[in-house]
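Excluded from the calculations below are hydrogen atoms, water molecules and symmetry mates; all remaining heavy atoms, backbone and side chain alike, are included.
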Amino acid sequence: MTIQYTPRGVCSHAFEIEVEGGTIQSVQVAGGCNGNLKGISSLLKGMKVEEAIARMEGIRCGMKPTSCPDQLAQALKTAL
């Protein structure tokens, strides 16, 4: 399954997430903090969707009510 997601309230413009059998295969992010998001994408590879959501949901970026990790969690919820 390929998830195409447009994040809201963050610097990133688009996420493309490949999920197979409940496990994240790859994460591609357009925009945002390049190095940080490459690191997050690498850490998520091979992780179960539920685990990734539990770890990232609710993380805030500064005074914003959301963050790129939180938006990734919202995108992953569509795979459940």
Side-chain angles (χ1 to χ4, degrees):
M1 155 191 286
T2 300
I3 301 167
Q4 302 282 343
Y5 188 82
T6 302
R8 292 173 213 93
V10 297
C11 300
S12 301
H13 323 30
F15 300 153
E16 183 175 294
I17 308 166
E18 291 286 334
V19 176
E20 188 176 308
T23 301
I24 300 166
Q25 301 300 312
S26 69
V27 178
Q28 302 296 318
V29 181
C33 302
N34 189 40
N36 289 336
L37 290 167
K38 281 182 182 177
I40 291 168
S41 297
S42 179
L43 290 169
L44 290 174
K45 188 175 179 178
M47 188 179 287
K48 292 289 186 187
V49 169
E50 294 87 355
E51 177 74 12
I53 292 168
R55 288 175 180 248
M56 297 187 300
E57 189 171 34
I59 293 174
R60 296 175 55 153
C61 183
M63 297 303 292
K64 295 179 185 179
T66 190
S67 65
C68 289
D70 180 62
Q71 288 295 296
L72 281 165
Q74 302 314 310
L76 287 167
K77 285 183 174 182
T78 66
L80 297 177

Go through the structure and list residues passing salt bridge (charged side-chain N to carboxylate O under 4.0 Å, His left out) with E51, not counting sequence neighbours. R55
Report, one line per pair, each donor and acceptor closer than 3.5 Å where one atom sits in a side chain of residues 58-77; sequence neighbours left out.
from : atom 1 : to  : atom 2 : distance (Å)
R60  : NE     : K64 : O      : 3.1
R60  : NH2    : M63 : O      : 3.3
T66  : OG1    : D70 : OD2    : 2.6
T66  : OG1    : Q71 : NE2    : 3.1
S67  : OG     : I59 : O      : 2.8
S67  : OG     : D70 : N      : 3.1
D70  : OD1    : G58 : N      : 2.7
D70  : OD1    : Q74 : NE2    : 3.4
Q71  : OE1    : R8  : N      : 2.9
Q74  : NE2    : E57 : OE2    : 3.4
K77  : NZ     : E57 : OE2    : 2.3

With T2, which residues qualify under side chain to side chain contact (heavy atoms under 4.5 Å, CB included), at least two apart? Q4, E16, E18
How close do S12 and P7 get, heavy atom to heavy atom, and via which atoms? O-CG, 3.5 Å
Within one Ile-Leu-Val-Met-Phe-Trp-Tyr cluster: M56 and V10, side-chain cutoff 4.5 Å: no
Check side chain to side chain contact (heavy atoms under 4.5 Å, CB included) between T78 and all other residues, then give those that pass, not counting sequence neighbours. I3
Starting at NZ of K48, measure out to CD1 of I24 and round the result to the nearest 0.5 Å. 10.0 Å
Is the CD atom of Q25 crowded by more than 12 outside heavy atoms at less than 6.0 Å? yes
Listing, residues 26-47 side-chain donor-acceptor contacts under 3.5 Å, not counting sequence neighbours, or none:
from : atom 1 : to  : atom 2 : distance (Å)
S41  : OG     : V27 : O      : 3.3
S41  : OG     : L37 : O      : 2.8

